[in-house]
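Note sheet for the following structure.
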Amino acid sequence: MLEKLESLYQEALGALDAISGGDALRDWELKYFGKKGGVTELVRSVGALPKEERAAFGKRANEVKTALEAAYAEREKLVGAMELAKDLEEGEVDVTLPGRPRATGGLHPATQTLREYARIWAKMGFQVYRSREVEDDDTNFQLLNFPPHHPARDMQDTFHTTKPNVLLRTHTSPGQIRAMRELGENGTKPIRVILPGMVYRYEQITARSEVQFNQVEGLAIGRNITMTDLKGTIAQFAREFYGADAAVRFRASYFPFTEPSMEVDVECFLCGGQGCRVCKYAGWLEISGAGMVHPVVLENGGYDPAVWSGFAFGMGPERATMLKHGITDIRYFWGNDLRFLEQF
Ligand code: DAH
């Protein structure tokens, strides 16, 4: 047994010398000192020896154990140092190399236009008022002077929910009612707000029409607001957004909630009014519906139309973005194609 102990000792020492990694070190420990390790078992079998040999064997076994433990500790230190050196070498960093640029995201082109709108209108004193996207029939139509079977409803095909009278707003105009009722303090306070947000229409999706898009509604209520204010304000917006010498024109039109109503065109900024593909050779681009708030709508908002008046307008930021950048298909906006989005 003593001989066996000596040879195990030599074997273990030799094995230890060859070790260069942490895993092998742990295997070694298990092999010799684990529950079923060589040294452990040999020591355990001391009981099988004749009595008079036991003391000598035990003494030597302890020496071997201590020696191996010391050798192990030393090897462990060495292996640690070797692994650290290897790590440092492999992970060497050249701090003089230029940094790698990180790809950054950007704002969606529609968001960029919305922000530009908000910036321009803020300069003229219009604050942002956020209204709901899920509306009731009353607010989306009725209170805006669309009677139940009025043909003007056909202009805006509607997504209805399974709940009667609950629908996705087809335009931002119902926000006019909510703004007047919330901010007007029973028809006693003037208002100047824009109402940006998503609207929904149950329409065939084509290059020119989507089932969802943004609108920016504008509403000004005061005691002496006239059509002249509306025209001047819109013209100022056009100069800010389309360029200092953008000319605008106003065409009579019809909306149930404004009287009189009009549509606003800006001179085509691509051809300067000469006529081109983008303006369809008209020389003008439509940028907004607008008008004087209908007396019925003022009343529905809590204002006395004999004392108060106001103007309203509605713009389409995606349309404006398309015109500005020559985008020919509105479906790109919600198509999530990075090749499109990365251009802005
Ligand atoms: N709500 C109209 C639409 O979606 C746009 C509009 C026209 C809004 C005239 C207005 C307005 O405030 O005065 O077609």
Side-chain angles (χ1 to χ4, degrees), residues 114 117 121 124 126 128-133 135 137-147 150-159 167-180 183 191-203 208-222 225-235 237-238 248-266 285-298 300-301 303 305 308-320 330:
L114 282 166
Y117 275 21
W121 287 112
M124 292 190 269
F126 287 77
V128 171
Y129 180 86
R130 296 215 172 263
S131 190
R132 60 190 66 186
E133 293 184 15
E135 264 298 358
D137 187 276
D138 277 0
T139 319
N140 195 81
F141 292 119
Q142 214 105 313
L143 295 171
L144 289 171
N145 205 27
F146 288 82
H150 195 283
R153 284 180 175 230
D154 294 348
M155 287 158 66
Q156 302 181 4
D157 291 319
T158 310
F159 281 112
L167 44 79
L168 298 184
R169 66 176 175 190
T170 58
H171 53 169
T172 44
S173 303
Q176 289 187 31
I177 299 290
R178 299 202 179 270
M180 284 189 278
L183 307 175
I191 293 181
R192 224 186 288 176
V193 288
I194 56 166
L195 305 94
M198 198 62 88
V199 302
Y200 303 86
R201 301 231 180 133
Y202 183 52
E203 275 182 71
R208 294 182 53 78
S209 63
E210 253 288 6
V211 291
Q212 63 169 87
F213 51 96
N214 285 286
Q215 280 191 343
V216 175
E217 191 86 8
L219 178 68
I221 305 285
I225 292 183
T226 65
M227 188 84 161
T228 310
D229 297 312
L230 170 56
K231 289 168 75 175
T233 308
I234 294 250
F237 168 82
V248 290
R249 74 175 183 188
F250 305 91
R251 275 180 294 115
S253 185
Y254 174 76
F255 300 101
F257 39 90
T258 45
E259 181 58 38
S261 303
M262 63 194 199
E263 272 163 283
V264 186
D265 299 336
V266 63
L285 301 162
E286 189 191 317
I287 59 164
S288 180
M292 300 307 290
V293 180
H294 196 288
V296 167
V297 176
L298 278 173
N300 289 338
Y303 288 89
W308 298 85
S309 59
F311 66 72
F313 56 83
M315 299 182 168
E318 280 88 14
R319 262 295 128 72
I330 198 170

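As a basis for the values below, the full set of heavy atoms in this structure was taken, side chains included, without hydrogen atoms, waters or symmetry mates. Counting starts at 1 for both ligands and their atoms, in listed order.
Each of the following atoms of ligand 1 lies closer than 4.0 Å to a heavy atom of Ser173: 1 (N), 8 (C). Taking every non-hydrogen atom of Gly291 and a distance limit under 4.0 Å, the qualifying atoms of ligand 1 come out as 13 (O). Short contacts between ligand 1 and Ala312, defined as distances under 4.0 Å to a heavy atom of the residue, involve ligand atoms 12 (O), 13 (O). Of all the atoms in ligand 1, the ones that sit under 4.0 Å from a non-hydrogen atom of Gly289 are 7 (C), 9 (C), 11 (C). For ligand 1, the atoms lying closer than 4.0 Å to a non-hydrogen atom of Gln176 are 12 (O). Under a 4.0 Å criterion applied to the non-hydrogen atoms of Arg201, ligand 1 contributes the atoms 3 (C), 4 (O), 14 (O). The Gln215 neighbourhood of ligand 1 comprises atoms 3 (C), 4 (O), with distances under 4.0 Å to a heavy atom of that residue. The atoms of ligand 1 that sit less than 4.0 Å from any heavy atom of Thr258 are 13 (O).
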>> Set out, in order, the CA-CA distance, both residues' side-chain angles and the distance that settles side chain to side chain contact (heavy atoms under 4.5 Å, CB included) for Asn145 and Asn300, then state yes or no.
In response: CA-CA 9 Å; Asn145 205 27; Asn300 289 338; over 6 Å; no
> Stepwise, does the side chain to side chain contact (heavy atoms under 4.5 Å, CB included) test hold for Phe141 with Thr170?
Replying inline: CA-CA 9 Å; Phe141 292 119; Thr170 58; 4.0 Å; yes
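Using a 4.5 Å heavy-atom threshold, the side chains of His294 and Thr258 count as separate. Within the 4.5 Å cutoff, the side chain of Asp137 has no heavy atoms near those of the Phe146 side chain. Side-chain contact between Glu286 and Arg251 is present, with at least one heavy-atom pair separated by less than 4.5 Å.
Applying the side chain to side chain contact (heavy atoms under 4.5 Å, CB included) rule to Arg178 yields the partners Tyr129, Ser131, Arg132, Glu135, Asp136, Thr139; only residues at least two apart in sequence or on another chain are considered.
Taking only nitrogen or oxygen atoms, main chain and side chain alike, Gly218 does not reach within less than 3.5 Å of ligand 1. Below 3.5 Å of separation, one finds an N or O of Phe313 facing an N or O of ligand 1. The distance criterion of under 3.5 Å between nitrogen or oxygen atoms is met by His171 with respect to ligand 1.
Neither the backbone nor the side chain of His294 has a heavy atom within less than 4.0 Å of ligand 1.
Between His171 and Phe255, the ring center distance fails the sub-6.0 Å criterion.
Residue Ile221 comes nearest to Ile225 through the heavy atom pair C-CD1, 3.6 Å, listed as atom of the first residue, atom of the second, then distance.
Note on ligand 1: Phe257 sits in its first shell, one or more heavy atoms being nearer than 4.0 Å.
Annotation: the span from Ser173 atom OG to Asn140 atom CG amounts to 8.5 Å, rounded to 0.5 Å.
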